[in-house]
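Heads up, the thing below is written out as structure tokens.
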There are 2 protein chains.
Amino acid sequence: MKQMLSLTKALADETRLRTLMLLSSGELCLCQLIDVLELSPSTISKHMSILYDAGLIHRRKEGRWHYYRLAEQDTTPAAREALRWVISHLEDDPALHRDAKKLCCTRKKDPQELTACYSGK
Amino acid sequence: MKQMLSLTKALADETRLRTLMLLSSGELCLCQLIDVLELSPSTISKHMSILYDAGLIHRRKEGRWHYYRLAEQDTTPAAREALRWVISHLEDDPALHRDAKKLCCTRKKDPQELTACYSGK
DNA sequence: CCGATACTTCGTCAACTAACGAAGTGTATC
DNA sequence: GATACACTTCGTTAGTTGACGAAGTATCGG
């Protein structure tokens with residue numbers, strides 16, 4: 001019950017659903033998510049820890065960068081099924097096309113440009 | 001996106017998950033849910049409307065009684081899959097055995113006894 | 001080892017949510 | 001048609017959540 005509640009609560013937020021859809025296209029680091037979602041680093045970091053605690057995403061540290069991807073074999077069946085459910089019903093969502101498009105631009109940017117969001121543009 | 005959020009938000013509450021599991025054993029009226037969940041009529045009624053708006057349950061009126069059951073053909077694929085997901089991962093949950101047991105007693109009671117919860121025991 | 005970078009944690013505040021009782025709605029029963 | 005019953009809706013309140021900036025942690029470059 002506790003595990004299911006942490007899963008459903010993790011999924012019950014628009015920003016977190018957007019994040020999962022962004023991650024469905026592959027691994028991303030926090031600064032890339034900041035760039036696409038246009039929210040403060042602390043806010044997104046908090047969202048990531050909620051998704052992580054629920055077992056929905058995997059985190060990997062490489063130097064200063066923290067990379068996130070959707071959880072796969074390394075989590076519970078409940079979380080894997082939740083991911084499949086969410087993604088299959090959101091992948092054609094028109095409201096998320098903007099995010100997907102923005103992500104394309106973000107992927108092309110230099111790390112230089114991305115870190116600009118910290119130094120107040 | 002909006003539909004998915006209403007689904008995930010509907011599932012992100014312990015009382016509503018308990019309710020869905022109770023309904024997985026068959027149709028129930030509000031007074032039976034009140035008896036098992038031990039919450040006020042207005043609170044449970046509100047929960048039911050949230051589950052209904054999300055497309056997770058079906059409501060049927062018969063005289064004064066309002067009967068609820070899990071949605072089936074009469075809802076979206078997303079809601080049907082959500083129900084299957086939740087139920088499959090909660091059906092063996094030890095924390096919910098109490099509810100299931102209590103429901104057995106409730107089903108055996110007279111309507112008389114159930115309405116007692118309104119008239120202040 | 002000093003500053004810069006890429007986060008995370010903490011404290012605060014506004015917005016949302018679940019609980020309740022009181023009042024309202026619709027349906028049987030007398 | 002008055003009363004009782006089975007809810008639903010409304011207004012209030014306490015607790016939760018999401019947003020932010022400020023401060024803290026860990027890593028890298030000079």
Side-chain angles (χ1 to χ4, degrees), chain A residues 2 5-19 27-54 57-68 106 109-121, chain B residues 2 5-19 27-54 57-68 106 109-121:
Chain A
K2 243 178 123 181
L5 258 179
S6 94
L7 272 171
T8 55
K9 288 190 175 198
L11 298 175
D13 177 87
E14 180 163 2
T15 302
R16 290 194 289 269
L17 289 185
R18 287 171 68 198
T19 306
E27 193 178 57
L28 294 170
C29 78
L30 200 92
C31 59
Q32 293 176 302
L33 290 168
I34 292 167
D35 193 63
V36 177
L37 297 169
E38 299 182 19
L39 289 166
S40 76
S42 64
T43 299
I44 297 184
S45 176
K46 185 77 197 311
H47 282 310
M48 292 303 109
S49 78
I50 291 170
L51 290 172
Y52 178 79
D53 290 344
I57 61 172
H58 179 265
R59 53 195 347 171
R60 180 173 72 84
K61 232 173 120 175
E62 194 177 308
R64 283 175 278 189
W65 288 272
H66 295 210
Y67 290 96
Y68 300 94
T106 297
K109 287 187 192 169
D110 287 345
Q112 277 295 78
E113 280 185 79
L114 289 180
T115 62
C117 61
Y118 281 101
S119 41
K121 181 91 346 118
Chain B
K2 245 179 122 181
L5 260 179
S6 95
L7 271 172
T8 55
K9 288 190 176 195
L11 296 175
D13 177 88
E14 179 163 4
T15 302
R16 290 195 287 270
L17 289 185
R18 288 171 68 197
T19 305
E27 193 178 58
L28 293 170
C29 78
L30 200 92
C31 59
Q32 292 176 304
L33 290 168
I34 292 167
D35 193 63
V36 176
L37 296 168
E38 299 181 19
L39 290 165
S40 77
S42 64
T43 299
I44 297 184
S45 177
K46 185 77 197 311
H47 281 309
M48 292 302 109
S49 78
I50 290 170
L51 291 173
Y52 178 78
D53 290 343
I57 61 173
H58 180 265
R59 52 193 351 168
R60 178 172 72 86
K61 234 173 118 175
E62 195 177 308
R64 281 175 281 189
W65 286 272
H66 295 210
Y67 290 96
Y68 299 93
T106 298
K109 286 187 192 169
D110 287 344
Q112 277 294 80
E113 282 185 79
L114 289 180
T115 62
C117 61
Y118 281 101
S119 42
K121 182 104 328 134

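Sequence lines set the chain letters: A, B, ... in the order given, protein chains first and strands last, and positions in each chain run from 1.
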Query raised in the report: Base, sugar-phosphate, or nothing: which does Y67(A) touch, judged by heavy atoms less than 4.0 Å apart?
Result: nothing

**Report entry** Listed once per pair and sorted, the side-chain hydrogen bond (donor to acceptor under 3.5 Å, both in side chains) pairs that draw on residues 39-52 of chain B, sequence neighbours left out
**Finding:** R16(B)-H47(B), S40(B)-S42(B), S40(B)-T43(B)

Query - Residue list, side chain to side chain donor-acceptor pair (under 3.5 Å) with R59(B), at least two apart or on another chain - result: none

Query - Contacts of type side chain to side chain donor-acceptor pair (under 3.5 Å), residue R64(B), not counting sequence neighbours - result: none

Query - Those residues that, when tested against E62(B), pass side chain to side chain contact (heavy atoms under 4.5 Å, CB included) (two or more places apart) - result: R60(B), Y67(B)

Report summary line: With sugar-phosphate taken as primed atoms, P, OP1 and OP2 and all else as base, the protein-contact string of nucleotides 23-30 of chain D at under 4.0 Å (heavy atoms; B, S, -) is ---SBS--

To the nearest Å, give me how far apart [atom1] ([X]) and [atom2] ([N]) are.
| X | N | atom1 | atom2 | answer |
| --- | --- | --- | --- | --- |
| L30(B) | dT27(C) | CG | P | 16 Å |
| L5(A) | dT17(D) | CG | P | 10 Å |
| L33(B) | dC7(D) | CG | C1' | 12 Å |
| L51(A) | dG18(D) | CG | C1' | 14 Å |
| R59(A) | dA6(C) | CZ | C1' | 13 Å |
| M48(A) | dT9(C) | CE | C1' | 16 Å |
| D35(A) | dA6(C) | CG | P | 12 Å |

Are [X] and [Y] side-chain neighbours, meaning at least one heavy-atom pair lies under 4.5 Å?
| X | Y | result |
| --- | --- | --- |
| L17(B) | L11(B) | yes |
| L33(B) | M48(B) | yes |
| Y68(A) | I57(A) | yes |

Report task. Kindly give the heavy-atom pair with the smallest separation between A12(A) and A12(B), and that separation in Å. Result -> CB-CB, 3.7 Å

Expected rows: protein N/O vs nucleotides 18-22 of chain C N/O, under 3.5 Å:
from, atom 1, to, atom 2, distance (Å)
dA18(C), OP1, R16(B), NH1, 3.2
dA18(C), OP1, R16(B), NH2, 2.8
dA19(C), OP1, T15(B), OG1, 3.4
dA19(C), OP2, H47(B), NE2, 2.2
dC20(C), OP2, S40(B), N, 3.0
dC20(C), OP2, S40(B), OG, 3.1
dC20(C), OP2, T43(B), OG1, 2.7
dG21(C), N7, S42(B), OG, 3.4
dG21(C), O6, S42(B), OG, 3.0

Query raised in the report: In a check of side-chain contact (heavy atoms from CB on, under 4.5 Å) between T19(A) and each of L37(A), I50(A), L39(A), which one passes?
Result: L37(A)

